[in-house]
**Q** 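Below: one structure in structure tokens.
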Amino acid sequence: MHIYLAPMEGVVNARMRALLTRIGGIDRCVTEFVRVTGQLLPRRVFFRLCPELSTEGLTPSGVPVYVQLLGSDPIAMADNAARAAELGAPGIDINFGCPAKCVNRHRGGSVLLDEPELLYDIVSEMRRAVPDTTPVTAKIRLGYRGSERLHDVARAIAGAGACELTVHARTRDHGYKPPAYWELIDDLHDITGIPVIANGEVWNYQDYLQCRAQSGSEHVMIGRGLLSTPDLARQIRDRNLQQPVNALSWQEVLVLLEEMLSDCITHCAPRHAGGPMKQWLGYLRRQYPQAQRLFEETKRLKAPAELVAQLELHRFEESKAA
Ligand SMILES: Cc1cc2nc3c(=O)[nH]c(=O)nc-3n(C[C@H](O)[C@H](O)[C@H](O)COP(=O)(O)O)c2cc1C
């Protein structure tokens, strides 16, 4: 049983991967997508999206990070996959699920799900370009408009040599609207012979159980659920082992938020330092009502010193109330 942290452009960067993998329970991460248009990208692009390449592709707690590529040109995708592998990526993932209009207009992401032959070409060129020891995996949705071609797509990807398939169990047209149709992927493992990872709408342990039962998949990938409940992967593991679960308290989450803010103050322009913390609060408020309050308290603050002071005050008041 594996639990993977989903790639999320603009949200799950190296900082977030370091925080979440330290809490535990996550077996692997995937970078935000690297957009491949025509040419071989400079090394710095890979290091920017995957700073972990300088530590053997591992987060500080030792969890591997696959580099995700998005594009439609088989040769350019292969060249860039080879470069990522050469730089030490532990694996290469391909994004065939992105729903963004601007990406789809340029023949990237989920629009390719209507072209299984092209998917086959992309995956097989990439597979050929990287060493046998470097896994090539793919992430898809059920389809673009509908899911009629799902089996063809899955067969093409597996037949071309991908060793794992992650499925966000919605079509592109479904966007992010619940539910996720986990039951529609339950025959993919039999059809492809490769591990299938179920993804979409796993917010808590009950969802996890339901997702596994309906998808027939042993493995799950979780994105927003791990941002709103940062110890969700650890909770799932603990419950599976029937050990007592100590859910992360709001005070413990505040320590993580402080750490994030301080890292942003060190590395970002002062007026942007509070952005990632506020963005995370937007996810955390689903699980922690206090996150909403902290968001209200900080939303108009920009100066780093004000943000730090407000966070301290909030923590003090919360500890008094506890
Ligand atoms: C803000 C945001 C950014 C995303 N960026 C990526 C990405 O770069 N690559 C990718 O394959 N999927 C991306 N996704 C999709 C997620 O990986 C995942 O499939 C989706 O959020 C459903 O899983 P969840 O319900 O566990 O969040 C993104 C999703 C969101 C909400």
Side-chain angles (χ1 to χ4, degrees), residues 2-14 16-17 20 25-26 28-36 45-46 48-50 65-72 77 84 91-104 108-113 119 122 136-143 157 162 164-182 184-185 196-208 210-212 214-215 217 219-230 232-233 236 275-276 278-284 286-287:
H2 294 308
I3 302 173
Y4 299 142
L5 172 61
M8 288 179 65
E9 194 211 1
V11 189
V12 179
N13 52 18
M16 187 60 96
R17 291 192 288 270
L20 293 179
I26 296 171
R28 189 200 298 156
C29 306
V30 185
T31 65
E32 302 163 83
F33 66 79
V34 177
R35 181 86 172 96
V36 174
V45 173
F46 292 91
R48 179 160 48 78
L49 286 164
C50 189
V65 183
Y66 282 15
V67 170
Q68 188 182 66
L69 302 185
L70 180 151
S72 58
M77 289 288 277
I92 311 290
D93 187 56
I94 317 171
N95 181 329
F96 292 136
C98 181
K101 276 204 179 83
C102 58
V103 170
N104 289 173
S110 59
V111 73
L112 302 181
L113 297 172
L119 299 186
I122 296 171
V136 174
T137 60
K139 181 162 178 282
I140 63 173
R141 282 181 175 244
L142 296 175
I157 289 172
E164 263 179 26
L165 180 65
T166 301
V167 191
H168 177 186
R170 278 190 275 242
T171 65
R172 186 262 180 200
D173 279 3
H174 291 139
Y176 286 93
K177 196 163 163 265
Y181 300 89
W182 299 316
L184 295 186
I185 67 174
V196 171
I197 291 101
N199 168 241
E201 297 298 323
V202 173
W203 295 95
N204 53 44
Y205 186 65
Q206 281 316 313
D207 293 339
Y208 164 79
Q210 222 176 323
C211 172
R212 280 196 57 175
Q214 292 183 12
S215 68
S217 171
H219 316 296
V220 295
M221 177 179 273
I222 308 177
R224 295 163 301 161
L226 271 164
L227 292 171
S228 59
T229 307
L232 180 57
I236 290 171
K278 293 176 198 173
Q279 185 187 49
W280 195 11
L281 287 172
Y283 289 99
L284 285 165
R286 187 175 173 123
Q287 178 66 19

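Counting convention: from 1, in listed order, for ligands and their atoms alike.
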**Q** If we only consider heavy atoms of Gly200, is any one of them less than 4.0 Å away from an atom in ligand 1?
**A**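 Flag set, Gly200 near ligand 1.
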
**Q** Indicate yes or no for a side-chain donor-acceptor contact from Asn199 to the backbone of Thr166 under 3.5 Å, with no hydrogens or angles considered.
**A**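 No, Asn199 side chain to Thr166 backbone: no donor-acceptor pair under 3.5 Å.
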
**Q** Does ligand 1 come near enough to Val11 that some N or O of the ligand is less than 3.5 Å from an N or O of the residue?
**A**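 So ligand 1 has no N or O lying under 3.5 Å from an N or O of Val11.
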
**Q** Would you mind checking which non-hydrogen protein atom is closest to atom 8 (O) of ligand 1, with the distance to 0.1 Å?
**A**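 Answer, as residue, atom name and distance: Phe33 CD2, 3.2 Å.
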
**Q** Should Gly225 be counted as touching ligand 1, given the test is an N or O pair under 3.5 Å?
**A** no

**Q** Can any side-chain N or O of Glu32 pair as donor or acceptor with the backbone N or O of Gly10 at less than 3.5 Å?
**A**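 Side chain of Glu32 to backbone of Gly10: a pair is present.
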
**Q** Would the distance check show the side chain of Trp182 and the main-chain N or O of Gly200 forming a donor-acceptor pair, the cut-off being under 3.5 Å?
**A**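 Between the backbone of Gly200 and the side chain of Trp182 there is a qualifying donor-acceptor contact (under 3.5 Å).
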
**Q** Using a heavy-atom cut-off of under 4.0 Å, does the side chain or the backbone of Glu201 touch ligand 1, or both, or neither?
**A**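 Contact part for Glu201 vs ligand 1: backbone (N, CA, C, O).
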
**Q** Distance to 0.1 Å, residue and atom name: give those for the protein heavy atom nearest to atom 23 (O) of ligand 1.
**A**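 Residue, atom and distance for the closest contact: Asn199 ND2, 3.0 Å.
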
**Q** Just jot down the ligand 1 atoms closer than 4.0 angstrom to any heavy atom of Ala6, in number order.
**A** 17 (O)

**Q** Treating Arg141 as the side-chain partner and Gly109 as the backbone partner, does any N or O pair qualify as donor plus acceptor under 3.5 Å?
**A** no

**Q** Quick check: does any side chain N or O of Thr137 sit under 3.5 Å from a backbone N or O of Glu164, one acting as donor and the other as acceptor?
**A**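 Side chain of Thr137 to backbone of Glu164: no pair is present.
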
**Q** So is Asn95 polar-close to ligand 1, meaning N/O to N/O under 3.5 Å?
**A** yes

**Q** Is there a donor-acceptor pair under 3.5 Å between the side chain of Arg17 and the backbone N or O of Val12?
**A** yes

**Q** Tell me which protein heavy atom sits closest to atom 31 (C) of ligand 1, plus the residue, atom name and distance to 0.1 Å.
**A**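 Here the closest protein heavy atom is Met8 CE, 3.6 Å.
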
**Q** Below the 3.5 angstrom mark, is there an N/O of Glu9, backbone or side chain, next to an N/O of ligand 1?
**A**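 Looking only at distances, the answer is yes, because the N/O contact criterion of under 3.5 Å is met.
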
**Q** Leu20 and Ile26: which non-hydrogen atoms are nearest, and at how many Å?
**A** O-CD1, 3.7 Å

**Q** At what distance, to the nearest 0.5 angstrom, does NZ of Lys139 lie from CD1 of Ile157?
**A**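 Here the interatomic distance stands at 12.0 Å.
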
**Q** Going by the atom numbers of ligand 1, which of them fall below 4.0 Å from some non-hydrogen atom of Ile222?
**A**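 Counting from 1, the qualifying ligand atoms are 26 (O).
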
**Q** Can you tell me which residue and heavy atom of the protein come closest to atom 26 (O) of ligand 1, and the distance to 0.1 Å?
**A**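 Here the closest protein heavy atom is Gly223 N, 2.8 Å.
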
**Q** Suppose I only count heavy atoms of Arg224 and a 4.0 Å limit; which atoms of ligand 1 are within that range?
**A** 21 (O), 24 (P), 25 (O), 26 (O), 27 (O)

**Q** Using the test side-chain contact (heavy atoms from CB on, under 4.5 Å), find all partners of Asn104 that sit at least two apart in sequence or belong to another chain.
**A**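 With neighbours one apart ignored, the set is Ser110, Val111, Tyr144, Arg172.
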
**Q** May I ask whether Tyr176 has any heavy atom positioned less than 4.0 angstrom from an atom of ligand 1?
**A**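 Contact present.
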
**Q** When you measure from the side chain of Asp207 to the backbone N and O of Gln210, does any donor-acceptor pair fall under 3.5 Å?
**A** no

**Q** Looking only at heavy atoms, is any part of Lys139 under 4.0 Å from ligand 1, and if so is it the side chain, the backbone, or both, or is it neither?
**A** side chain

**Q** Relative to the ring of Tyr176, is the ring of His168 parallel (under 30°), tilted (30 to 60°) or perpendicular (over 60°)?
**A** tilted

**Q** Tell me, which protein residue and heavy-atom name are nearest atom 9 (N) of ligand 1, and how many Å apart are they?
**A** Gln68 OE1, 2.8 Å

**Q** Tell me which protein heavy atom sits closest to atom 6 (C) of ligand 1, plus the residue, atom name and distance to 0.1 Å.
**A**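 Going atom by atom, the protein heavy atom closest to atom 6 (C) of ligand 1 ends up being Pro7 O, 3.2 Å.
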
